[in-house]
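A quick write-up on the structure given underneath.
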Amino acid sequence: MSDTTPAAETAAPHRYTAELAARIERRWQDHWDEHGTFAAANPDGDLDGQPDLAARPKKFIMDMFPYPSGVGLHVGHPLGYIATDVFARHQRMTGHNVLHTLGFDAFGLPAEQYAVQTGTHPRVSTEANMANMKAQLRRLGLGHDRRRSFATIDPEYYRWTQWIFLQIYHSWYDPDADRARPIDTLVAGFEDGSRPVPGGRPWAELTGPERAEILSGYRLAYVAQSPVNWCPGLGTVLSNEEVTSEGRSERGNFPVFKANLRQWMMRITAYADRLAGDLDVLDWPEAIKLQQRNWIGRSEGARVDFSVQGRDDAAITIFTTRQDTLFGATYMVLAPEHELVESIVPAAWPAGTHDAWTGGHATPAEAVAAYRKQAAAKSDVERQAEAKDKTGVFTGAYAVNPVSGEPVPVFIADYVLMGYGTGAIMAVPAHDSRDFAFARAFELPMRCVVEPGDGRGTDPHTWDDAFVSYDATIVNSASDTISLDGLGVVDAKAAVTTWLAERGIGEGTVNYRLRDWLFSRQRYWGEPFPIVYDEEGTAHAVPDSMLPVELPEVDDYSPRTFDPDDADTSPEPPLARNEDWVNVQLDLGDGNGTRSYRRETNTMPNWAGSCWYELRYLDPRNSDKLVSAEAEAYWMGPREGEPAGGVDLYVGGAEHAVLHLLYARFWHKVLYDLGHISSFEPFHKLYNQGMIQAFVYRDARGIAVPATEVEERDGAYYHDGEPVSRLLGKMGKSLKNAVTPDEICAEYGADTLRLYEMAMGPLDVSRPWDTRAVVGQYRLLQRLWRNVVDESTGAVTVVDTEPDEATLRALHKAIDGVSADMAHLRFNTAIAKITELNNTLTRTSSGGVPRAVVEPLVLLIAPLAPHFAEELWDRLGHTRSLAHEPFPVADPALVQDEAVTCVVQVKGKVKARLEVPPAITDADLEVLALAAPAVVDAVGGATVRKVIVRAPKLVNIVV
RNA sequence: GCCGGGUUGGUGGAAGGGUAGACACGGAGGCCUCAAAAGUCUCUGUCCGAGAGGGCGUGCGGGUUCGAAUCCCGCACCCGGCACCA
């Protein structure tokens, strides 16, 4: 494995080799474990005991925890873990009480699929995978507080996941208080009459199921019959967030169909506004904030009622963001599923109905029924593929444009979605490209009400597309009661909104793209719902005292999957097969005594466990509460610079931008509203690490060949003599390009691997792995080792003489730079500065390196190469781990060089370099520069028009 | 289509509007060695030149500035997100 031959080992038995690195690493990993070096102290509770630690400023540093997959880690996986470890170690050395640990997200599809593949129980394979991953991670020297680690599959953990579910279930969103409150407060309102009961009947007269049905409309977790994403290939339903824009499952890439099913939902839409608004106080990458904002899709506009001609009792309510174009609404469209459609359809086509509008049907009822059937049969994918071709049919009904009083025909068309806004729109073909396309196809009238600024004229019939602009003037928009002509878009909107509100036919509203979160899955390997159903089918919560509802042992835990393309299938939860578990006799403590119940057989999605794990790290053994108030306030409470509170640094992949991060924020806010925690955001600072990529080599058939067997000749690549293509891609077993941390550790040691991963480039950027280049960091450690230890005797060679001033300046410059880089996660440049300093020492200190320089240097590299640094620190005569040793602090007086190179430019070109003192004045420098021979030559007697002096680094002479 | 982010040597990458290419890999050469490995030293953007030196250079085209990889405008390409959301 090592490059060293036996002969060299005899010559240099104390060289820093892979073997020595392995010994050192094992030794220090054991030492840290034995001494609990990375234990973070809580202010109280069973993790207390180190008051001096708990008195320090805290830093809560977190990684997105892993799924314990069966294939093991490749070098890309630990990138973020190493980065947080380096940061955590640096923070520990700058006087912080640091909480850094790692748990496992062990429920869910990947674990289950692997278990199914290997034919073992998910718990058995998952636990084996976790043990394997823990061993792989331990080898990297990650400084985790092991006492705080757990897995989401631990019953003691998912007991609290179920508890939180019940908290959400037992809550409703009070719009007046703008927060979640216990459902009891709602019931109390219904009982005493202070809040009208939906349906109008007194609460006392309602039956149990009727009450349950009403409360379902308020609960933050509720069961509803609704169109959901059904994925036969996975055998489960999926949330909107888990379906790609191509209408396929994010996992497995199977087709997804709309099916109308009774499923658990989470009322995340109640939090849409806060989830969008609170992003402002978070220190997150703008790209991620933007993705969340887009997903939530807040849009301000107005609700407008259009009366239906000949029907005093019916009005069509639409949502628009362009109420300023109301005069331009020349027709309306309802979604095919809209509930009003049937009631507005007349018996016969109105006289003079355009042929193109009827779809060739004899009556409106026939036309509507045919179109509805056709629309329902279309999958989302088909619907999207045909997005450009607008289809629809006239309902035979006319509505009235409320401002102009003109009749407008009402269509149904599938380009209007039932799930957004009110499922109905006013169509303004002149100023909306979709309406324009539809109007062209159906020969509908258009009216220009926003003056085009591009010289196309005001006759829409001559246009190629709609004129869409927010920066333009309204025209053609006047009636007896209102005129918008001459107003800008913003003012016109305000005027229309006011006008509508005065007449009670509309108001300004806000709409969201976000839908409620589909929360149940038909899987075995997930948290059971703490819910049972009585004989009438009414859901009841399992009382807290009966938690956790444990996942039963079953013989057949594999999901029932189907032909991926067969939409005519329906989900079958594996738990439903277990009648003994499903049918129970329970006393729920609600006064009804022991009764028969059926358990809920769906399980929670794998996002559930990751929705709150940050909180459990704080107080992992608490059996009374999910987290003690003191621990939560200490580690996550709001404070200066972190107004929402939360984790100080959360590192993970950008692929969780919407899913995990949105769900976790939602749960956190519910817990905050209910008074369980003091922070109202879970993650204050978020950082997305890049991906480690690897070259994928493919032969003529397009099949990946093992990357290690590929040879390069003259810029081309060959495998077994055959040419292969090369493309940068992901690293993975299936692409035959995976490099494991174990291989690199064996060949160079974990410290080299850590350094290499951190030195490759900025943490947030993706870059290709290059095994050949790892040796560079190995050489750095060897050179630094040699500056301290004699390779043949093992003796420490540092000297106690004072370093010269140049060395001292180099040291303090490095300290200064490395400190700033560490604090800002710029580990690549920190390593460059350490390398530079070490190279300087190697070059200048042949008689032994002064201890006063080596010791700070060892501390500088300690967060990056901790075992290596601990070993040298020990050999330098220190008896305690350096984990809590103060990080070196630069002396400002020594940070600057004694002399700096000043560049003298003439017309922007460098003509001379001067060595000048850093404190030189502009005036002195100008004199020096103008006198330099090379400058005199370059100026050549021309008139100096201007001299720009930026002492001490630059002079620019303009002639 | 809309919204983000990016494009710097053979490679990964450095550069608060002020010496472009730090640090590292790879490559070339020297030293050490019987030899090799390891180590170490020098060179390594590109073109012209024996050399001193000079020209050109941060995806392309403009602009602002004494000075632009960096700021502004336009374009090309790559990556990511959303996608009939009214």
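Just so you know, these numbers come straight off a predicted model, no measurement behind them. Letters A, B, ... are given to chains in the order of the sequence lines, protein chains preceding strands, and every chain is numbered from 1.
- When rounded to the nearest whole Å, the span between CZ of A:Arg950 and P of B:G17 equals 13 Å.
- Between A:Tyr748 and A:Tyr778, the ring planes are perpendicular. Angles over 60° get that label, and only those under 30° would be called parallel.
- Anti is the conformation of B:G21, whose glycosidic angle sits further than 90° from 0.
- Of the side-chain N and O atoms in A:Lys953, none sit less than 4.0 angstrom from OP1 or OP2 of B:G18.
- The gap from the C1' atom of B:C25 to that of B:A36 amounts to 23 Å, rounded to the nearest Å.
- Within the structure, every side-chain polar atom (N or O) of A:Gln291 is placed at least 4.0 Å from both OP1 and OP2 of B:C82.
- Contact of the A:Leu326 side chain with the A:Phe306 side chain is registered, since non-hydrogen atoms from C-beta on lie closer than 4.5 Å.
- For the ring pair (Phe, Tyr, Trp, His ring centres under 6.0 Å) with A:Tyr331, the qualifying choice from A:Phe438, A:Phe442, A:Phe436 is A:Phe438, the only one to do so.
- A:Tyr420 places its OH atom 4 Å from the P atom of B:A86, with the value rounded to the nearest Å.
- The nucleotide whose nearest atom lies closest to any side-chain atom of A:Lys946 is, among B:C66, B:A14, B:U19, B:C66.
- The pair A:Arg251-A:Glu242 does not count as a salt bridge, with every side-chain nitrogen at least 4.0 angstrom from each carboxylate oxygen.
- The shortest distance between the side-chain N/O atoms of A:Arg513 and the OP1/OP2 oxygens of B:A83 is below 4.0 Å.
- Nearest to the side chain of A:Glu836, among B:C23, B:U40, B:G26, sits B:C23.
- Distances shown here put every side-chain N or O of A:Arg772 at or beyond 4.0 Å from the OP1 or OP2 atom of B:A24.
- Set against B:A24, B:G26, B:C84, the side chain of A:Lys390 has B:C84 as its closest nucleotide.
- A salt bridge links A:Asp280 and A:Arg293; the closest N-O separation between the charged side-chain nitrogens and carboxylate oxygens is under 4.0 Å.
- Looking at A:Arg767, its side chain has no donor and acceptor atom pair within 3.5 Å of the base of B:G12.
- Spacing between atom CG of A:Asn828 and atom C1' of B:A15 amounts to 12 Å, rounded to whole angstrom units.
- One finds no side-chain N or O of A:Asn956 lying less than 4.0 angstrom from the OP1 or OP2 phosphate oxygen of B:U19.
- Ion pairing between A:Lys833 and A:Glu836 fails under the 4.0 Å rule for side-chain N and carboxylate O.
- Closest to the A:Met760 side chain, of the nucleotides B:A38, B:G26, B:G12, is B:G12.
- Below 30°, between 30° and 60°, or above 60°: for A:Trp785 and A:Tyr16 the angle between ring planes is between 30° and 60°, a tilted geometry.
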**OP:** Would you write the dot-bracket representation of RNA chain B, where each base gets (, ), [, ], | or . depending on whether it forms a Watson-Crick or G-U pair under 3.5 Å and with which partner?
**Re:** (((((((..(((.....[....)))((((((.......))))))((((....))))..(((((..]....))))))))))))....

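- Taking side-chain N and O atoms only, A:Arg779 has a distance below 4.0 Å to OP1 or OP2 of B:G26.
- Between B:A22, B:C66, B:A86, one nucleotide has an atom nearer to the side chain of A:Leu417 than all others, and that is B:A86.
- When the nucleotides B:A86, B:U40, B:G13 are ranked by their closest atom to the side chain of A:Thr320, B:A86 comes out on top.
- Interface remark: the A:Lys833 side chain does not form any donor-acceptor pair with the B:C23 base, using a distance-only criterion of under 3.5 Å.
- For the pair A:Ser299 and B:A86, the criterion of a side-chain N or O lying under 4.0 Å from OP1 or OP2 is met.
- Residues A:Leu662 and A:Ile268 have side chains in contact (heavy-atom distance under 4.5 Å, counting atoms from C-beta outward).
- Taking 4.0 angstrom as the limit, A:Asn294 places none of its side-chain polar atoms (N or O) nearer than this to OP1 or OP2 of B:G4.
- Using a 4.0 Å heavy-atom criterion, one finds that A:Arg826 contacts no nucleic acid atom at all.
- With both ends at atom C1', the span from B:C23 to B:U44 equals 15 Å, rounded to whole Å.
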